[in-house]
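In what follows, chains carry the letters A, B, and so on, assigned in the order in which the sequence lines appear, proteins first and then strands, with residues in each chain numbered from 1.
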Number of protein chains: 2
Amino acid sequence: MKFEPLCCPPTGDAKTAIQESDAEFAQLAAALGHPARVAIIRFLKQKGVCICGEIVEVLPLAQSTVSQHLKTLKEAGLVQGETDGPRSCYCLNPAALERLRVLLGDL
Amino acid sequence: MKFEPLCCPPTGDAKTAIQESDAEFAQLAAALGHPARVAIIRFLKQKGVCICGEIVEVLPLAQSTVSQHLKTLKEAGLVQGETDGPRSCYCLNPAALERLRVLLGDL
DNA sequence: TTCATTCATCGTAAATATACGATACAATGT
DNA sequence: ACATTGTATCGTATATTTACGATGAATGAA
């Protein structure tokens, strides 16, 4: 049995199995789809706030690579970054993690 | 609740390097890092069991592409496939999803 | 100013991901 | 035996990811 919403007749509903929330979930999941980025999230959770250099010290990756991973996490909304002088302070965005938990719960 | 000395970090756990569980989490997350694969998981959840062709019918992708996504999900352990005559029956592996929830909870 | 520090970005090379059509292959039907 | 059906896999083209060193921008100290 197929349940179509009665309210909004889609414009060509033949192949609409991929939903908006699928893309939202996939974006968050993809951001966590690399071990280094998971480690960064754990580190931020433990530290609360830290600067980029602290993460570089702990990971077996070049500074530019860590910065790239941080950018990925930032673009997905999982972390927030704030410039503080020559440093960059990073911290988690708990709302994004919670959003991922909700979406995973719906799955 | 955690009182770490600010000065000299203890010898053992100062390094929060990339852990085994980070890779495990990342593998599951990466498998869900594409909208089509999220849609497949949703479809399997709704259908319980279905053959490859049913998924091909509802996704705007070629059969070979869907088969490739299914392989990715299978390699991550998120779905199980079993051949039934000329068909392939797929279903979810709830344990893998639960594992992901646990790992995400720890995060 | 000049130098050092901190980080983001650029340029790039290698690896992986994504998509498709074509093909192979196994099981069933005629 | 032969064709049909449902999938997996191959080959391939393009796009993205991942990693690094080099460079640049911004700040603070000398």
Side-chain angles (χ1 to χ4, degrees), chain A residues 14-18 22-23 25-41 43-44 47 49-92, chain B residues 17-18 22-41 43-44 47 49-92:
Chain A
K15 307 292 180 88
T16 39
I18 300 181
D22 296 338
F25 186 99
Q27 191 180 9
L28 289 167
L32 294 175
H34 192 288
R37 290 195 290 268
V38 179
I40 289 173
I41 294 292
F43 188 74
L44 285 177
K47 278 282 201 175
V49 176
C50 73
I51 65 173
C52 178
E54 296 182 80
I55 303 175
V56 174
E57 280 178 10
V58 151
L59 293 182
L61 295 170
Q63 176 266 324
S64 58
T65 304
V66 171
S67 194
Q68 206 169 280
H69 282 308
L70 283 167
K71 186 181 179 184
T72 298
L73 289 169
K74 202 173 169 181
E75 283 172 351
L78 284 163
V79 309
Q80 295 167 318
E82 163 184 341
T83 296
D84 169 39
R87 294 175 258 282
S88 282
C89 285
Y90 284 97
C91 64
L92 285 184
Chain B
I18 301 177
D22 296 339
E24 185 189 2
F25 185 97
Q27 191 180 8
L28 289 167
L32 294 174
H34 191 289
R37 291 196 289 269
V38 179
I40 289 173
I41 294 293
F43 188 75
L44 285 176
K47 278 282 203 176
V49 176
C50 73
I51 64 172
C52 177
E54 295 182 80
I55 303 174
V56 174
E57 279 178 12
V58 299
L59 292 183
L61 294 170
Q63 176 266 324
S64 58
T65 304
V66 172
S67 194
Q68 205 168 280
H69 282 308
L70 283 167
K71 186 182 180 184
T72 298
L73 289 169
K74 202 173 169 182
E75 283 172 353
L78 285 163
V79 310
Q80 296 166 317
E82 128 185 11
T83 71
D84 168 40
R87 293 176 259 281
S88 281
C89 285
Y90 284 97
C91 64
L92 284 185

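Closest to the side chain of B:Arg37, out of C:dT18, D:dT18, C:dA19, is C:dT18.
Residues meeting the side-chain hydrogen bond (donor to acceptor under 3.5 Å, both in side chains) test with B:Glu24, sequence neighbours left out: B:Arg99. Checked against salt bridge (Lys or Arg N to Asp or Glu O under 4.0 Å), B:Lys47 has the following partners two or more places apart in sequence or in another chain: B:Glu54. Residues satisfying the side chain to side chain contact (heavy atoms under 4.5 Å, CB included) test with A:Ala36, not counting sequence neighbours, are A:His34, A:Leu61, A:His69, B:Ile18. Not a single salt bridge (Lys or Arg N to Asp or Glu O under 4.0 Å) links A:Glu75 to another residue, sequence neighbours left out.
Rounded to whole Å, the distance from CG on A:Leu59 to P on D:dA19 is 10 Å. If you take CD1 of A:Ile18 and C1' of C:dT18, they are 12 Å apart, rounded to a whole angstrom. For the pair B:His34 NE2 and C:dT16 P, the interatomic distance rounds to 18 Å; values are reported in whole Å. When rounded to the nearest whole Å, the span between CD of B:Glu82 and C1' of C:dA27 equals 15 Å. For the pair A:Leu61 CG and D:dT18 P, the interatomic distance rounds to 11 Å; values are reported in whole Å.
The phosphate of C:dA19 has OP1 or OP2 within less than 4.0 Å of a side-chain N or O from B:His69.
The shortest side-chain heavy-atom distance between A:Leu32 and A:Leu28 does not fall under the 4.5 Å cut-off.
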Return a single string for nucleotides 4-16 of chain D, one symbol per nucleotide in 5' to 3' order, where B is base contact, S is sugar-phosphate-only contact and - is none, cutoff 4.0 angstrom on heavy atoms.
--BBBB-------

Which pairs would a plain distance check flag for residues 79-89 of chain A, meaning a side-chain donor or acceptor within less than 3.5 Å of a matching protein atom at least two apart in sequence or in another chain?
none

